[in-house]
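These notes are about the structure you will find just below.
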Amino acid sequence: MTDKNKNLFELSQKFIPGGVNSPVRAFSSVGGTPIFFKKGLGSRLWDENNKEYIDYINSWGPMILGHAHPEVIEVVKEIAKNSLSFGAPTSKELDMAEMLVRLVPSMEQVRLVSSGTEATMSAIRVARGFTSRDRIVKFEGCYHGHADALLVKAGSGALTFGQPSSAGVPADVAKHTHTLPFNDTEALEKCFTEMGNEIACVIIEPIVGNMNLILPDIKFLKKLRQLCTQHSTILIFDEVMTGFRVALGGAQELYGVTPDMTTLGKVIGGGLPVGAFGGKKEIMQKLAPLGPVYQAGTLSGNPVAVAAGLKTLELIQKPNFYQQLSLTTKNLVDGMTEAASKNGIKFSARSVGGMFGLYFRESPPNSFDEIMESDRAKFNKFFHSMLKQGIYFGPSAFEAGFVSAAHTEKDINETIKASHKAFESLND
Ligand code: KE4
């Protein structure tokens, strides 16, 4: 039987760079042919060959309710009848803003955009405008979207100028970004001692999902908060991935550390394009049309996307939503860890809320260097064995995984059973 994924991928590469609209989808780091999906329902996906999968990508986080949730689809259908976009204010945007500042109390005001990249790019600009400073600090292994200022890696010494991590990013832009090691309190203190009063903002994934799942050392996070306060530097928690994923109040609720600004995305659009950035009113008032920091967007606050996001945010507030989601995710990682151990495979895993990390190393990593020690070849073989068995994990050893409220005990047991076979094959 012809593999439609192969045919579609070949053809797509004629018209789309790499055949994909976002690089991670191309399977470059795991090899093989990307899967073209045509349908999702609950925890399941079907590809163009009608092969069924249990989905642990959830569109990289947004589909926390599962695919095609009937109530979300219903509101989208209803609102779409009244036009898809006005380019003018709507009451739904007010409802969304009110809901976000209620659920993320560190935000007194919030502005909607159409992606996580726009959210972080805008947050940095308003932080620079508010402080009249140019320097920003990020952490190695954290990803905040593809704005120029954030595609930067550590310079030769962490305190020297940042260097572009992508072609097309001017050195003059990259030099303002300093990249430090995540969870390294000493490096953080040294940076602030050297240039604290010149730093506009620090942006961090408070729980990292972009170098696989890495948890913060609470002392590191608290020191970061203290140093930002001491130097009037704006602390931005990039919760595009962790917001409404690890807890209703995000990582800031779990760790009890309050940022000055927060960026959001993914879950708040329920699968449609919505991002948001918000924070203290005095900072947000710097934004046009009130203040001198310009930021805009044709489809910002799009009524159809906001309706899907609002319904999603409403449904995740149901009692015990996160207790159940966390338990399902924990059962998954515990079961897979046991299966690996039974097959003598060096493997560990961890979960927080509806997010998990799988590591082909003895114990869960706590830093960029430690995650880089993982056995990628083993992950890639494991990934393809699971894919063949109809289990769809992220096609990279450096991505976190996601569970939805639609994942059942049956899904988890099926996945654990498949993982046993996959771990066994690693010993071949
Ligand atoms: P988007 O521009 O892709 O909506 O959001 C960028 C972004 C910002 N901040 C964090 C913490 C993020 O995780 C992301 C995007 N996450 C990736 C997953 N690793 C999206 C997947 C992709 O790039 O295709």
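Numbers here are sequence positions counted from 1. Both ligands and their constituent atoms are indexed starting at 1 by order of listing. As a basis for the values below, the full set of heavy atoms in this structure was taken, side chains included, without hydrogen atoms, waters or symmetry mates.
Between Y255 and F237, the ring center distance fails the sub-6.0 Å criterion. When ring centroids are compared, Y56 and F393 come within the 6.0 Å threshold.
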Using a 3.5 Å cut-off and no angle test, enumerate the donor-acceptor pairs between side-chain atoms of residues 19-40 and protein atoms at least two apart in sequence or in another chain.
| unit_1 | atom_1 | unit_2 | atom_2 | d |
| --- | --- | --- | --- | --- |
| S29 | OG | P395 | O | 3.1 |
| K38 | NZ | N50 | OD1 | 2.6 |

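Residue-level contacts of ligand 1 at the 4.0 Å heavy-atom threshold are S22, V24, W60, S115, G116, T117, Y143, H144, G145, E205, N210, D238, V240, M241, K266, E399.
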Let's go through K92 and E78 carefully: what are the C-alpha distance in whole Å and the side-chain angles of both, what is the deciding distance for salt bridge (charged side-chain N to carboxylate O under 4.0 Å, His left out) to 0.1 Å, and is it a yes or a no? CA-CA 13 Å; K92 289 283 175 201; E78 272 314 299; over 6 Å; no
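Note: S43 OG to I54 CD1 = 6.0 Å, rounded to the nearest 0.5 Å.
The pair D217-K222 does not meet the salt-bridge criterion, since no charged nitrogen lies less than 4.0 angstrom from a carboxylate oxygen.
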